[in-house]
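What follows is one structure encoded as structure tokens, with my remarks underneath.
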Protein chains: 2
Amino acid sequence: MQIFARDGYSNASIAEVASTVGLTLPGLLHYFPSKTSMLLAVLELRDQQSQRWLGQGPATLEAAMLAPPVPWQQLLGQLRMINRANAAIPGVVRAFSLLNTESLTEHHPAQEWFSRRSTLVLGQVSRSLHQALERGEIADGIDPDQIAAEIMAMMDGLQVLWLRRPQQVDLVRYFDAYLDRLQAALQR
Amino acid sequence: MQIFARDGYSNASIAEVASTVGLTLPGLLHYFPSKTSMLLAVLELRDQQSQRWLGQGPATLEAAMLAPPVPWQQLLGQLRMINRANAAIPGVVRAFSLLNTESLTEHHPAQEWFSRRSTLVLGQVSRSLHQALERGEIADGIDPDQIAAEIMAMMDGLQVLWLRRPQQVDLVRYFDAYLDRLQAALQR
DNA sequence: GTCTATATGCGGATAGAC
DNA sequence: GTCTATCCGCATATAGAC
């Protein structure tokens, strides 16, 4: 994770990972047979972490999509908490910001993972808002898909800007301010 | 630009650039003495393009920061137009999205360029809003720096999401919807 | 201005000893 | 389980002929 955070995936050298953990390259490759398998292990680690954050939710991502939607106020609260937690682990955020765009290239081993992640996040937010619409909890004319994409774009975009200018960009305060305004607009 | 758009910078091979334009590698290096110089040429090209978009504005970026701020409504209109233009050139957007995060790594040759770009964009938006505040054109309690970072994060974040899911994410409509709501909130 | 040939280095991965 | 030695490919860049 440290090396991927510093160099991204394709630019990282697993030989350096090996020496960092006090092994030679073949020694490390005994545990992870290829560079790709190392990356997938890191992504899997993140999946486990996410599940811990989201508490006692459904076990698999598919199950989460099938379960009844989370109330929208609660969901936005969860996103605030995730963002807050992210602000304390810039290395992890860095790794995933780099991997996120890097995985836009063809045949990238993390492509599936990020595609899946966006499907999940967009889907969850969209479904929550859709439910709120049906119940008349939020204003008509709201497009759940648009709002969902907006929120995800803001989270990821703010992270990149924060990584570039940590002194000027306050990740927590800025995201909260954005969500405050969004919530006010939705409720109207 | 094509090759950088497909592979990013460090992953791109200038030998492939050479063969794409019908040259051998040394033939290409006759014009661009190094890979880095090619990248800088691409960035410079983008600078020229930006200047054309922003019309008859100040010639240099420094001059733009010293000139009186653009009225905020007009500035947001310019951002809408830039976003609209971007939607027609996914290859360029792709190249710069990849380079943007890639340049977060140390010693990356595009680091300065993107750092400078963020300084400029954040500064311009922030100054416009600051002026509007002084004139009482927008609501008190607005933080110009926060709003500026928000807008830039949204532009860059939406681009990445759009590149990943072009079918689901409508770059123009989503950004306009976001700015509509932001403008309404500012004016209140 | 463009080429062939080459220098040089680093990358991931494997063979096989211990 | 970890090592040394090695293979192989691809990268940027250079030398020097034409």
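Keep in mind the model is a prediction, meaning the values are calculated, not measured. Order of the sequence lines fixes the chain letters, A, B, ..., with proteins taken first and strands second; residue numbering starts at 1 for each chain.
- For the pair B:Tyr9 OH and D:dA11 C1', the interatomic distance rounds to 12 Å; values are reported in whole Å.
- One interatomic measurement links the two molecules: CG of B:Leu29 to C1' of D:dT14, which rounds to 9 Å at whole-angstrom precision.
- Comparing D:dA11, D:dA13, D:dG1 by their nearest atom to the side chain of A:His30 picks out D:dG1.
- For the residue pair B:Ser118 / A:Arg165, a side-chain donor-acceptor distance below 3.5 Å is found, with atom types taken as modelled.
- Taking both residues in full, the closest heavy atoms of A:Ala149 and B:Leu161 are given as O-CD2, 3.6 Å, listed atom of the first, atom of the second, then distance.
- Rounded to whole Å, atom P of D:dA13 lies 11 Å from atom CG of B:Leu28.
- Checking D:dC3, C:dG1, D:dT12 against every side-chain atom of B:Lys35, the shortest atom distance belongs to D:dT12.
- Out of C:dG11, D:dC3, C:dG1, the shortest distance to the side chain of A:Ser13 is found at C:dG11.
- At a threshold of 4.0 angstrom between heavy atoms, the contacts of B:Ala18 with the nucleic acid are absent.
- Salt-bridge annotation for A:Arg173 and A:Asp180: absent, with no side-chain N of the basic residue lying under 4.0 Å from a carboxylate O of the acidic one.
- Which of D:dT14, C:dT14, D:dG1 sits closest to the side chain of B:Pro26 comes down to D:dT14.
- Note: OH (A:Tyr31) to P (C:dA13) measures 18 Å, nearest angstrom.
- Residue B:Thr24 has a polar side-chain atom (N or O) positioned under 4.0 Å from OP1 or OP2 of C:dC3.
- One finds no salt bridge joining B:Arg164 and A:Asp156 here, because no Lys/Arg side-chain nitrogen approaches an Asp/Glu carboxylate oxygen to under 4.0 Å.
- Of the N and O atoms on the side chains of B:Glu137 and B:Gln131, not one donor lies less than 3.5 Å from an acceptor on the other residue.
- Distance CD1 (A:Ile3) to P (C:dG11): 12 Å, rounded to an integer number of Å.
- Taking atom CG of residue B:Leu23 and atom P of nucleotide C:dT4, one finds them 11 Å apart after rounding to whole Å.
- D:dA13 atom P lies 13 Å from atom CZ of B:Phe32, rounded to whole Å.
- When heavy atoms are screened at a 4.0 angstrom cut-off, A:Ile14 is found touching the sugar-phosphate backbone but no base atom.
- The CG atom of A:Asn11 sits 19 Å away from the P atom of C:dG9 (whole-angstrom rounding).
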